[in-house]
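Have a look at the structure below, then the notes.
Numbers here simply count residues along the sequence, with the first being 1.
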Amino acid sequence: MEKKLIMDDLAIQRSLKRITHEIIEHNKGADNIILVGIRSRGVYLARRLAALIRSFEQVEIPVYALDVSFWRDDHKRTQSRSEAIPVQERKVILVDDVLFKGRTIRAAMDAITSFGRAREIQLAVLVDRGHRELPIRADYIGKNIPSALHEQILVRVEELDHESAVYITS
């Protein structure tokens with residue numbers, strides 16, 4: 001399997017800083033926002049975004065982890081491991097590493113609505129690779145990486161993988 005580096009640690013940092021500024025600008029600050037990271041790498045990216053928002057706006061943003069496996073339509077349903085997330089009348093920003101067909105995000109939106117009525121749901125992804133099966137698009141994108149269906153996008157985060165990088169494999 002051939003593995004090609006698409007983004008190194010510095011490129012990821014730059015993308016996350018840009019996404020942070022876009023979130024702040026779009027929401028006219030950081031009030032009433034919560035970040036919900038989709039397990040597993042989305043959680044680490046959400047924590048990084050929260051730290052950047054704190055450094056730019058001096059506001060502490062709550063970060064929650066969401067396991068969407070219970071809400072997936074293409075997996076056997078198991079009991080949800082996610083704790084209830086206080087979404088009522090808040091701006092929820094879902095954070096994931098890769099946006100592909102859109103099914104994970106649909107499941108995440110189902111999960112969020114099961115916890116209550118959010119004021120708004122936005123989506124931030126590090127990589128958008130296309131090939132959508134559902135009408136879902138990200139509000140904030142680190143990098144668009146057109147890919148073939150047989151290719152894989154591998155996101156590595158320091159906290160879990162001991163490196164920060166994005167690779168494409170064929």
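Side-chain atoms of Ser164 come within 3.5 Å of backbone atoms of Glu158 as a donor-acceptor pair (strictly under, hydrogens ignored). With hydrogens and angles disregarded, a donor-acceptor distance shorter than 3.5 Å links the side chain of Arg132 to the backbone of Gly130. Listed for the Asp96 side chain is no donor-acceptor partner under 3.5 Å among the backbone atoms of Val125. Distance alone, capped at 3.5 Å, places no donor-acceptor pair between the Asp67 side chain and the Arg39 backbone.
The hydrophobic cluster analysis finds Leu10 isolated: no Ile, Leu, Val, Met, Phe, Trp or Tyr side chain comes under 4.5 Å of it, directly or through other members. Val43 belongs to no hydrophobic cluster, as no Ile, Leu, Val, Met, Phe, Trp or Tyr side chain comes under 4.5 Å of its own.
Taking CD1 of Ile136 as the reference point, atom CZ of Arg103 lies at 9.0 Å (rounded to 0.5 Å). In this structure, the separation between CZ on Arg48 and CG on Leu35 is 14.0 Å, given to the nearest 0.5 Å. Taken to the nearest 0.5 Å, the CZ atom of Arg156 stands 11.0 Å off from the CD1 atom of Ile12. In this structure, Arg137 CZ and Asp128 CG are separated by 10.5 Å, a value rounded to the nearest 0.5 Å. Going from atom CD1 of Ile19 over to atom CD1 of Ile53 covers 10.5 Å, rounded to the nearest 0.5 Å. The CD1 atom of Ile112 lies 5.5 Å from the CG atom of Leu94; values are rounded to the nearest 0.5 Å.
Annotation: side chain of Val36 is not in contact with side chain of Phe115 (no heavy-atom distance under 4.5 Å).
Hydrophobic clustering keeps Ile121 apart from Ile33 (ILVMFWY residues linked when any side-chain heavy atoms are closer than 4.5 Å, directly or through intermediates). In the hydrophobic clustering of this structure, Tyr44 groups with Val166; members are Ile, Leu, Val, Met, Phe, Trp, Tyr whose side-chain heavy atoms approach within less than 4.5 Å, directly or through other members. No path of Ile, Leu, Val, Met, Phe, Trp and Tyr side chains, each step under 4.5 Å between heavy atoms, connects Val155 with Leu99, placing them in separate hydrophobic clusters. Ile38 is not connected to Val95 by any chain of hydrophobic side-chain contacts under 4.5 Å among Ile, Leu, Val, Met, Phe, Trp and Tyr, and they are in different clusters. Under a hydrophobic clustering in which Ile, Leu, Val, Met, Phe, Trp and Tyr are joined whenever their side-chain heavy atoms come within less than 4.5 Å, directly or via other members, Tyr140 and Leu123 fall into different clusters.
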Thr113 and Val87: CA distance, side-chain angles, deciding distance, side chain to side chain contact (heavy atoms under 4.5 Å, CB included) verdict: CA-CA 8 Å; Thr113 58; Val87 301; over 6 Å; no
Step-by-step side chain to side chain contact (heavy atoms under 4.5 Å, CB included) determination, Leu16 to Leu49: CA-CA 7 Å; Leu16 292 176; Leu49 290 172; 4.0 Å; yes
Pair Asn27-Gln122, side-chain hydrogen bond (donor to acceptor under 3.5 Å, both in side chains): steps then yes or no: CA-CA 10 Å; Asn27 291 288; Gln122 300 169 28; 2.8 Å; yes
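Take Glu57 and apply the salt bridge (charged side-chain N to carboxylate O under 4.0 Å, His left out) test, not counting sequence neighbours, and it matches no residue. Checked against salt bridge (charged side-chain N to carboxylate O under 4.0 Å, His left out), Arg47 has no partners two or more places apart in sequence or in another chain. When the ring-ring contact (aromatic ring centres under 6.0 Å, His included) test is applied to Tyr167, no partner is found at least two apart in sequence or on another chain. Partners of Asp161 according to the side chain to side chain donor-acceptor pair (under 3.5 Å) rule, which considers only residues two or more places apart in sequence or in another chain, are Arg41. Listed by chain and residue number, nothing satisfies the ring-ring contact (aromatic ring centres under 6.0 Å, His included) test with His26 (two or more places apart in sequence, or in another chain). Under the salt bridge (charged side-chain N to carboxylate O under 4.0 Å, His left out) criterion, Asp8 pairs with no residue at all, not counting sequence neighbours. The salt bridge (charged side-chain N to carboxylate O under 4.0 Å, His left out) check on Glu163 picks up nothing, with sequence neighbours excluded. The side chain to side chain donor-acceptor pair (under 3.5 Å) test applied to Asp31 returns no partner, not counting sequence neighbours. Listed by chain and number, the residues in a side chain to side chain donor-acceptor pair (under 3.5 Å) with Lys101 are Glu133 (sequence neighbours excluded).
More than 12 heavy-atom neighbours from other residues, nucleotides or ligands sit within 6.0 angstrom of CD on Gln58. Heavy-atom neighbours of Gln88 CD from other residues, nucleotides or ligands within 6.0 Å: above the threshold of 12.
Considering every non-hydrogen atom in both Leu134 and Gly102, the closest pair reads CD1-O, 3.7 Å. The heavy-atom pair separating Ala50 from Ile61 by the smallest distance is CB-O, 4.0 Å. Minimum interatomic distance between Pro86 and Ile34 (heavy atoms only, all atoms of both residues): O-CD1, 3.7 Å.
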Residues 141-150, side-chain donor-acceptor partners within the protein, below 3.5 Å, at least two apart:
residue	atom	partner	partner atom	Å
Ser147	OG	Arg129	NE	2.8
Ser147	OG	Arg129	NH2	3.1

